[in-house]
Amino acid sequence: MVGDIRVTGTGQLLDLSRRLRRAGHENIRQSYLRRTRRAAEPLRSDLQDSIRHLVISSQGRGAGKRGGPSPTTRPLRATIASAIRISVRTTGDPGARVWLDRSLLPSDITVGLVNKLNDGRLRHPVFGNKRRWAQQNADPGWWDKPVRDHTARITREMERVADDVRRRIE
């Protein structure tokens, strides 16, 4: 399921963020933010590549069926890829978050549609006609697989960043 990916070591990062605020070292905080974002950027890039290169197939039209050009010229996969974001925080819930920004998606592309693409099966009405439905298939896991592949690396990098900041504060 497509959702927020949060890279946190909650207790360790919360303690670190409190100490960082007390120390008041702005350059240490900026370094922490930069390195945390840098740790999450390869995941965002892989997620964007994954959706851009996702093969979506259908059975196509049968003989004698009507058809026509798509009513929209907006590319689905590129639109979804451009809505994948990273946010980094040092307060509250510190860490990195890779997420799908709903505000950047057009109203007809919902998170539910994106989740269905991640599941590998997209069923939708034909040109909005609720009496005719089409099914399109894709390789499942365009979101889940990159997240699984990057989790260990990001966790190691975040531990390294937290250790470096802790050393600089003490």
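Hydrogens, waters and symmetry mates play no part in the numbers below; they use all other heavy atoms, side chains included.
- Scored by the salt bridge (charged side-chain N to carboxylate O under 4.0 Å, His left out) test, R34 finds no partners at all (sequence neighbours excluded).
- Under the 3.5 Å distance criterion, the side-chain polar atoms of R153 are matched with a main-chain donor or acceptor of A39.
- With hydrogens and angles ignored, the 3.5 Å screen pairs no side-chain donor or acceptor of T36 with any backbone N or O of V88.
- Ion pairing between a basic and an acidic side chain is recognised when a charged N comes within 4.0 Å of a carboxylate O; R156 and E159 show no such pairing.
- Rounding to the nearest 0.5 angstrom, the gap separating the NZ atom in K116 from the NE2 atom in H124 is 13.0 Å.
- D101 is linked by a salt bridge (charged side-chain N to carboxylate O under 4.0 Å, His left out) to nothing, counting only residues two or more places apart in sequence or in another chain.
- In this structure the side chain of R35 reaches within 4.5 angstrom of the side chain of D164, judged on heavy atoms.
- Looking only at distances, a side-chain donor or acceptor of N118 sits under 3.5 Å from a matching main-chain atom of W143.
- The neighbour count for R102 CZ, taken as heavy atoms of other residues, nucleotides or ligands under 6.0 Å away, does not exceed 12.
- Taken to the nearest 0.5 Å, the CG atom of L105 stands 5.0 Å off from the CG atom of L100.
- Counting heavy atoms from C-beta outward, S82 and L104 have side chains that stay 4.5 Å or more apart.
- Checking side-chain atoms of W142 against main-chain N and O of D139 turns up no donor-acceptor pair under 3.5 Å.
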Which donor-acceptor pairs under 3.5 Å do side chains of residues 41-49 form with protein atoms, sequence neighbours excluded?
from, atom 1, to, atom 2, distance (Å)
S45, OG, E41, O, 3.2
D46, OD2, H150, NE2, 2.5
Q48, NE2, A81, O, 3.0

Given R37 and I86, is the side-chain contact (heavy atoms from CB on, under 4.5 Å) satisfied, shown in steps?
CA-CA 7 Å; R37 177 174 292 279; I86 297 175; 3.6 Å; yes
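- The distance from the CD1 atom of I84 to the CD1 atom of I51 is 7.0 Å, given to the nearest 0.5 Å.
- In this structure, CG in L117 is found 9.5 Å from CD1 in I109, a value given to the nearest 0.5 Å.
- Between R160 and D163 there is no salt bridge, since none of the side-chain N atoms of the basic residue sits less than 4.0 Å from a carboxylate O of the acidic one.
- Summarising the geometry of I154 relative to A40, their closest heavy-atom pair is CD1-CA, 4.4 Å, with the distance given to 0.1 Å.
- Shortest non-hydrogen contact noted between R77 and L54 is NH1-O, 2.9 Å.
- Nearest heavy atoms, M158 versus Y32: CE-OH, 4.3 Å.
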Show your reasoning for whether side-chain contact (heavy atoms from CB on, under 4.5 Å) applies to R121 and Q135.
CA-CA 7 Å; R121 179 175 178 241; Q135 176 176 318; 2.9 Å; yes
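- Taken to the nearest 0.5 Å, the NZ atom of K145 stands 8.5 Å off from the OG atom of S50.
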